[in-house]
Number of protein chains: 2
Amino acid sequence: MVQKKNLTLKDIAKELGVSTATVSLAINNSSLVAEKTRLLVLSKIKEVGYVYNRRAASLITGKSGMVGLAVHDFTNPYFTEVCASAEKTLAQEGRMSLLCNSHESLPLQERFINALIEHNSDGLLLCPVVGTEVEQLQPLLTRGLPTVLVTRDVDGANMDFVGNDERFSFHLATRHLINLGHKRIAFIGGALDAKAARDRRSGYVDALKLNGLPVDERLLFDCDNHSEAAEKILPEVLSIESPPTAIVGFSDLIALGVLSALIALGLEPGKDIAVVGCDNIAESSRHYSQLTTVNVQKSQIGQMAASFLFQRLQNPHMPPQRKIFESELIVRRSCGAYRVS
Amino acid sequence: MVQKKNLTLKDIAKELGVSTATVSLAINNSSLVAEKTRLLVLSKIKEVGYVYNRRAASLITGKSGMVGLAVHDFTNPYFTEVCASAEKTLAQEGRMSLLCNSHESLPLQERFINALIEHNSDGLLLCPVVGTEVEQLQPLLTRGLPTVLVTRDVDGANMDFVGNDERFSFHLATRHLINLGHKRIAFIGGALDAKAARDRRSGYVDALKLNGLPVDERLLFDCDNHSEAAEKILPEVLSIESPPTAIVGFSDLIALGVLSALIALGLEPGKDIAVVGCDNIAESSRHYSQLTTVNVQKSQIGQMAASFLFQRLQNPHMPPQRKIFESELIVRRSCGAYRVS
DNA sequence: ATAATTTTTTAAAACGATTTAAAAGCCTGC
DNA sequence: GCAGGCTTTTAAATCGTTTTAAAAAATTAT
């Protein structure tokens, strides 16, 4: 096992009897270098097994080819898909994705952002943790870390943003239940500190008001955004005075937890009580869950976020772009519409 | 908006009237620098908002603090969890995770590995794509990219490995069905080119043979590792001559697809036909699915993989380590054991 | 041939840190 | 006041590229 030292541009240059400048230019497909020289260089590189050192290069160019990808919970299928799609788009353009699962922790997010800067990242796709304020974000831009906000916007940030029309989605979901005749509709889940969560609840409230239904605070239940939490809280939801006949879940995870809990109690979703979710993750379409939900463009969001970043890297001073994807109701059994119609 | 140039060590040094060496040593908490000098340096750094440039440093040290994390499908909940846990462990040690979703594509995997080297990654946590041979892996080590194989081993690679006892798991699952009286047990799913998949099927075959049951090739069905594929193939499974009374799924994704398809056909899992999966992903524990499955240590695997890598970085020449996590059967309704017992 | 162009190549200065051997300071105790 | 032994600090080389202005070579025009 020979411990041969790393080959460098200089070695290639020496072997070929040219300058390092020539080799460098050849590698970068510069038009300054003669075609036959380039071929010579490239074949020599292959021959001796040289590998380019991007760090050395980026020290000069200032660009690293790396992009941060931070979400608060990528085991959440919604984010898994968004991330998968973003990663794919980034990879197609030859960029690497630096992953961060921020666990809704502001310190973790800050450490990650700082690390991104230390590593000379070119940009960041960020779904900010709850509690992120403009002040923490503004430095990103001045620091030279172009950022696209994903799913969760930050008031006053004025950054590129791509996300869902949360308000509309929940208007849609709630209205659907109202149209089915429900008058007492509970809303479960959602950390309200995030803008997206507030919007979701607003959509729910809008629908109630528009249809002349009262907004009863006792029908609002908060819980962490995963199924187990929803499952746990459900008995409480059902045990209030004049309990809801329908439930809107903050997300499919919540709604599926509700379904699960209902079944455990011997209740039949869609018959005894109506349930609607949001996100349309894979699990909701199974024949055993058949969750009525709102479909959102998960992979499109990831792709568009990456694409916005590319554009910003091209043109740092363009005005911030925004893209809000439309959502649509997907009616399955859990809302009982199949029975009614 | 003043476009102030990047602050460097040199600027800090100049401001403080010391040398860059002192500043560098202070930043790195070297004992060579006097305590009060270090404090001076650190406070100045905070004051002027200097950020460390890791790329410049790594050019000399050779270490980047970045680790690759490559799986073939991280939307698969099993891998999502493994990755989440690996990322967390890596982050705790101050390392960044470079993500790659290889989509079972050898070229993508190769490009990623090459990029890792170009970027001076310190190591790699790899679940190799189907078809990965020793030849493609060996360069990693000589190239200075210490690698831990995760979940899927590669014959002859002789690398650090952490994964499941696949064979045992499927022995467990199959034996359980046999004990419940089943004689015709189908096996669905699994790309057989991966070692882990072969092991799974071996476990199934072992159990049959050990219990004097014939291995019927017609009970083996291949399909992609996701629920939709399983759902699609199920009717075919049920329509063979003397159809199976039980099904072992290659994974929970497969088994859940089977459950879904059964329900669509009006059949009751656990009563009309028994189903067992493997992985114990969240979805299988819901009250509406209640999938009997084999639990595997997803987050432990991610964590241990990271930990193996740390050890190897510490001590590059230690003999390869292996860790196979034990699995255990989790009996729920889908296998019908509740009815029988 | 020579001059005028155009095409290629190159030298050398970056980029922003680390590292090491040697120099400089600072204490001892005699 | 100084030899000897600490503790701190520093100068300078280094890592592996890019980049630019200028030199060299090749081509074309005269």
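Given the structure is predicted, the values throughout are model-derived calculations rather than measurements. Proteins come first, then strands; the chains are lettered A, B, ... in the order of their sequence lines, and each starts at number 1. Excluded from the calculations below are hydrogen atoms, water molecules and symmetry mates; all remaining heavy atoms, backbone and side chain alike, are included.
Heavy atoms of A:Ala21 sit under 4.0 angstrom from at least one base atom.
Atom CD1 of A:Ile12 is separated from atom C1' of D:dG16 by 12 Å (rounded to the nearest Å). For the pair A:Glu35 CD and C:dT9 P, the computed distance is 11 Å after rounding to whole Å. Remark: P of D:dA13 and NZ of A:Lys10 are 14 Å apart, rounded to the nearest angstrom. Taking atom CG of residue B:Leu16 and atom C1' of nucleotide D:dT9, one finds them 13 Å apart after rounding to whole Å. Rounding to whole angstrom units, CD1 of residue B:Ile117 and C1' of D:dG16 are separated by 16 Å. Between A:Leu25 atom CG and D:dT19 atom P there is a gap of 9 Å when expressed in whole angstrom units. Look at CD1 on B:Ile27: it is 16 Å from C1' on D:dT9, rounded to the nearest Å. The CG-P distance, from A:Leu9 to C:dA12, rounds to 18 Å in whole Å.
Distance from the side chain of B:Thr8 is smallest to C:dA17 among C:dA17, D:dA11, C:dA11. You'll find that the side chain of B:Leu32 is closest to D:dT9, out of D:dA11, D:dT9, C:dG16. Minimum atom distance to the side chain of B:Asn28 is reached by C:dT18, of the listed D:dT10, C:dT18, C:dT10.
Of the possible polar contacts, none joining the B:Asn114 side chain to the B:Glu110 backbone as a donor-acceptor pair under 3.5 Å is found. A donor-acceptor pair is defined here as one N or O able to donate and one able to accept, closer than 3.5 Å; no such pair exists between the side chain of A:Ser121 and the backbone of A:Gly123. Side-chain N or O atoms of B:Ser105 include one that pairs as donor or acceptor with a backbone N or O of B:Leu108 at under 3.5 Å. With B:Arg55 contributing its side chain and A:Asn120 its backbone, the two residues share no donor-acceptor pair below 3.5 Å.
For DNA chain C, the residues of residues 51-61 of chain A within the heavy-atom distance limit of 4.0 Å (strictly under) are A:Leu59, A:Ile60, sorted by number.
Comparing A:Thr20 and B:Thr20 along DNA chain C, the residue whose closest nucleotide (by nearest heavy atom) sits nearer the 5' end is A:Thr20. Mapping A:Ser31 and B:Ser24 onto DNA chain C by nearest heavy atom places A:Ser31 closer to the 5' end of the strand.
Remark: A:Glu47 CD is packed, more than 12 non-hydrogen atoms of other residues, nucleotides or ligands lying under 6.0 Å away.
B:Asp160 has no carboxylate O lying under 4.0 Å from a charged side-chain N of B:Lys323, or vice versa, which leaves the two without a salt bridge.
A close approach under 4.0 Å does occur between a side-chain nitrogen or oxygen of A:Thr22 and OP1 or OP2 of C:dT10.
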| task | Assess whether salt bridge (charged side-chain N to carboxylate O under 4.0 Å, His left out) is satisfied between A:Glu104 and A:Arg152, documenting all intermediate values. | result | CA-CA 12 Å; A:Glu104 290 290 23; A:Arg152 286 181 180 171; 2.8 Å; yes
